[in-house]
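One structure below.
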Amino acid sequence: MLQVSQLKETKHKVITGLLKKRFKNAEEIIDKVLDLDQTRRETQVKLDNVLAESNAVAREIGQLMQKGEKETATQRKEISATLKASSKSLAETLQQYEEELTQLLYTIPNTAHSDVPDGVSADDNENIFQHGELPVLYDGALPHWELIKKYDIIDFDLGNKITGAGFPVYKGKGARLQRSLINFFLDEAVKAGYHEVQPPILVNQESGIATGQLPDKEGQMYHIPEGNLYLIPTAEVPITNLYRDVILSEDQLPIKNVGYTPCFRREAGSWGAHVRGLNRLHQFDKVEIVQIHHPENSYQALEGMLEDVKRLLEKLELPYRVLKLCGGDLGFASALTYDLEVYSAAQEKWLEVSSVSNFETYQSNRLKLRFKGDDKKMTLLHTLNGSALALPRIMAALLENNQSKDSIRFPKVLVPYLGFESIG
RNA sequence: AGAGAGGUGGCCGAGUGGUUGAAGGCGCACGCCUGGAAAGUGUGUAUCCGCCUAAAGUGGAUCGGGGGUUCGAAUCCCUUCCUCUCUGCCA
């Protein structure tokens, strides 16, 4: 969430950024926050004064008791009782203000960076880069959901039987392809200087709150009542939460982590004809990169992450484009996001396979992720993350783009991982 | 899952109701000592919310989390989470 100090000191900049994000009533809500904060502080001062007096009396009583002046002590106790009643009520009021303030701050998204293009929807995203020729397929080329049946490599019916819709079973060379992609992505990330981690795929509520999935997006996660845990929608959640309540020293920066996990998304209400096959699943695999940076370096790092992801797509020989998301399409917690889309030739569609974002201090404020600089001051760090990459749509594009009438060939880089060059 | 023990500062570790935000040690920073270093020695060394602000200073909170008893709680009670040991179970 945003910091109150941020709202106070750079109010107009924040409002501009929020309006770009199509956040309504930005000024009104910020004023409300500032009012509430003012009231909160005044209450805090009153409470502190009462507590200070109360502490003084208690100390005095202690001394009197030791001297054996019990009667005076008893008199003092009466004062103390009054102070206590007063402090109790003030403490309750203060807590109410604090909760109200937090709730209000939860409703405010991150502000858009000044480079974010203006716009309302996905149609307004700025296409900033495109690479690779769009493949021309032979007549009668199949979409991936037909190819997987034809070669019997992914089975939706079986997944449907044992679990439900959106939980495919990968079989034979399909399973091997999945495993190969995971290993390829991890190896590439490690080569690029990332530190590999394998986090849990169930997280507690605190973690969900810290990275911003809770409370806003509760409905998108699977929840397990035993232990009150959530299945992660992305490895971003556990990997970023590794740094919850952490104070780093400057020489530990930057942090660059990579991890593979399955991801689980309920995707309530988003099912229909346009999400056939691998386009949208309840469970899918993803390799995620997470970086933590000094505020001054985070945008340079974002560009670096974008290059890391582009390199993967180029090695996979997939045509892709890079979009800079417009304000209206930007995620809740993000200040600037690049989406990478691959071209899926049989569907004749661009499919989002990665989203690379800078969250600035929006997450670190909830995480309490800070560093102590040379000036000994605590400063919030910037968190960034990106998919590198999400598997199902990559698979869809690989299958569709590389098909011929009786086989599917795979890019060179994958062959050592696959142990074969083609299917069929 | 059952029984027991325990959760104190960056770390170790004292502390069972009254200037204890917390002894002592280690570590770390700076200074002294030294030709230089080690040893020795001195000083400092948490976070959050406030007040005042140029700085200094200062009030409050925090001994896993939450609640309670009390004039006063790290210390007593309740509750919850976590860790360890034994038993059980299992990959």
Side-chain angles (χ1 to χ4, degrees), chain A residues 1-9 33-105 198-210 214 223-230 238 241-253 255 262 361 363-381:
Chain A
M1 60 185 150
L2 297 175
Q3 305 151 77
V4 175
S5 59
Q6 209 176 341
L7 298 177
K8 204 185 292 181
E9 287 154 22
V33 168
L34 295 179
D35 270 2
L36 202 51
D37 182 60
Q38 179 66 28
T39 319
R40 194 207 96 234
R41 289 208 318 275
E42 285 163 8
T43 311
Q44 172 100 52
V45 171
K46 282 185 206 160
L47 175 63
D48 286 354
N49 287 340
V50 172
L51 286 175
E53 205 178 327
S54 186
N55 286 343
V57 173
R59 229 172 287 142
E60 197 186 343
I61 290 172
Q63 284 162 2
L64 288 170
M65 296 291 266
Q66 278 173 350
K67 282 188 218 157
E69 297 180 31
K70 283 195 180 160
E71 280 181 34
T72 325
T74 311
Q75 284 171 3
R76 287 287 181 272
K77 283 189 190 181
E78 282 168 32
I79 301 174
S80 190
T82 325
L83 289 170
K84 195 187 177 180
S86 151
S87 75
K88 196 174 176 184
S89 121
L90 279 168
E92 277 166 15
T93 312
L94 181 64
Q95 203 188 339
Q96 274 172 23
Y97 286 138
E98 279 171 351
E99 273 167 24
E100 212 177 313
L101 189 58
T102 307
Q103 290 306 317
L104 200 54
L105 286 169
Q198 197 171 100
I201 59 176
L202 265 63
V203 293
N204 58 29
Q205 207 168 7
E206 291 74 41
S207 296
I209 289 171
L214 294 172
H223 180 244
I224 295 172
E226 287 78 14
N228 191 22
L229 299 171
Y230 293 85
N241 268 282
L242 258 22
Y243 299 89
R244 173 150 52 86
D245 289 317
V246 165
I247 298 168
L248 296 169
S249 59
E250 238 173 306
D251 57 17
Q252 289 175 280
L253 298 172
I255 303 278
T361 59
Q363 288 183 329
S364 61
N365 189 30
R366 287 201 204 180
L367 286 160
K368 296 202 203 69
L369 165 58
R370 296 159 292 174
F371 75 100
K372 199 185 249 186
D374 292 336
D375 57 358
K376 306 262 179 179
K377 279 174 105 176
M378 288 292 180
T379 310
L380 291 173
L381 286 158

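Chain identifiers are assigned alphabetically (A, B, ...) following the order of the sequence lines, protein sequences preceding nucleic acid strands; residue numbering begins at 1 within each chain. What you see below is based on every heavy atom in this structure, not just the backbone, and it leaves out hydrogens, waters and symmetry mates.
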Would you mind reading off the distance between [X] atom [atom1] and [N] atom [atom2], rounded to a whole angstrom?
{"X": "Leu229(A)", "N": "C81(B)", "atom1": "CG", "atom2": "P", "result": "12 Å"}
{"X": "Asn55(A)", "N": "G18(B)", "atom1": "CG", "atom2": "C1'", "result": "12 Å"}
{"X": "Asp251(A)", "N": "C28(B)", "atom1": "CG", "atom2": "C1'", "result": "13 Å"}
{"X": "Lys77(A)", "N": "U69(B)", "atom1": "NZ", "atom2": "C1'", "result": "13 Å"}
{"X": "Lys88(A)", "N": "G68(B)", "atom1": "NZ", "atom2": "C1'", "result": "9 Å"}
{"X": "Glu98(A)", "N": "G66(B)", "atom1": "CD", "atom2": "P", "result": "12 Å"}
{"X": "Leu90(A)", "N": "G59(B)", "atom1": "CG", "atom2": "C1'", "result": "15 Å"}
{"X": "Leu94(A)", "N": "C49(B)", "atom1": "CG", "atom2": "P", "result": "13 Å"}

Side chain of [X] only, heavy atoms from C-beta on: which candidate in [options] is closest?
{"X": "Leu51(A)", "options": "C49(B), U47(B), G60(B)", "answer": "G60(B)"}
{"X": "Gln44(A)", "options": "C51(B), C49(B), C71(B)", "answer": "C49(B)"}
{"X": "Ile61(A)", "options": "G50(B), G59(B), C71(B)", "answer": "C71(B)"}
{"X": "Ala52(A)", "options": "G50(B), G18(B), G59(B)", "answer": "G59(B)"}

Less than 4.5 Å apart, any side-chain heavy atom of [X] and any of [Y]?
{"X": "Leu381(A)", "Y": "Leu367(A)", "answer": "no"}
{"X": "Thr379(A)", "Y": "Thr361(A)", "answer": "no"}
{"X": "Leu47(A)", "Y": "Thr93(A)", "answer": "no"}

[atom1] atom, [N] versus [M]: distance in rounded Å?
{"N": "C12(B)", "M": "G7(B)", "atom1": "P", "value": "12 Å"}
{"N": "G10(B)", "M": "U45(B)", "atom1": "C1'", "value": "10 Å"}
{"N": "A74(B)", "M": "U41(B)", "atom1": "C1'", "value": "33 Å"}
{"N": "C63(B)", "M": "A73(B)", "atom1": "P", "value": "11 Å"}
{"N": "C11(B)", "M": "C28(B)", "atom1": "C1'", "value": "11 Å"}
{"N": "A37(B)", "M": "C48(B)", "atom1": "P", "value": "35 Å"}
{"N": "G64(B)", "M": "G25(B)", "atom1": "P", "value": "23 Å"}
{"N": "G9(B)", "M": "A61(B)", "atom1": "C1'", "value": "16 Å"}

Residue matched to [N] through Watson-Crick or wobble contacts both under 3.5 angstrom:
{"N": "C89(B)", "result": "none"}
{"N": "C76(B)", "result": "G68(B)"}
{"N": "G4(B)", "result": "C84(B)"}
{"N": "A46(B)", "result": "U62(B)"}
{"N": "U41(B)", "result": "G31(B)"}
{"N": "C11(B)", "result": "G25(B)"}

Q | Toward the 5' end of RNA chain B, by each residue's nearest nucleotide, Ser80(A) or Gln63(A) | A |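 With Gln63(A) and Ser80(A) compared, the 5'-side residue is Gln63(A).
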
On RNA chain B, nearest-nucleotide positions of Ala56(A) versus Ile247(A): which is more 5'?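 Between the two, 5'-proximity favours Ile247(A).
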
(message) Base of G60(B), side chain of Asp48(A) - is there a donor-acceptor contact under 3.5 Å?
(response)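 No, the side chain and the base share no sub-3.5 Å donor-acceptor pair.
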
Q: Before giving the answer on side-chain contact (heavy atoms from CB on, under 4.5 Å), spell out for Arg41(A) and Asp37(A) the whole-Å C-alpha distance, their side-chain angles and the decisive distance to 0.1 Å.
A: CA-CA 6 Å; Arg41(A) 289 208 318 275; Asp37(A) 182 60; 2.7 Å; yes

[Y] and [X] side chains, donor-acceptor separation under 3.5 Å:
{"X": "Thr72(A)", "Y": "Gln75(A)", "result": "no"}
{"X": "Asn365(A)", "Y": "Gln3(A)", "result": "no"}
{"X": "Glu99(A)", "Y": "Gln103(A)", "result": "no"}

Does [X] reach a base, just sugar-phosphate, or nothing at all? Heavy atoms under 4.0 Å.
{"X": "Val57(A)", "value": "nothing"}
{"X": "Arg41(A)", "value": "sugar-phosphate"}
{"X": "Lys46(A)", "value": "nothing"}
{"X": "Lys368(A)", "value": "nothing"}

Partner of Glu42(A) under side-chain contact (heavy atoms from CB on, under 4.5 Å), picked from Gln38(A), Arg40(A), Gln44(A), is Gln38(A)

| query | Would you say a side-chain N or O of Lys372(A) is under 4.0 Å from OP1 or OP2 of U47(B)? | reply |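 Yes.
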
Arg370(A) side chain N/O closer than 4.0 Å to the phosphate oxygens (OP1, OP2) of C48(B)?
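For Arg370(A), the contact criterion (side-chain N or O under 4.0 Å from OP1 or OP2 of C48(B)) is met.
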
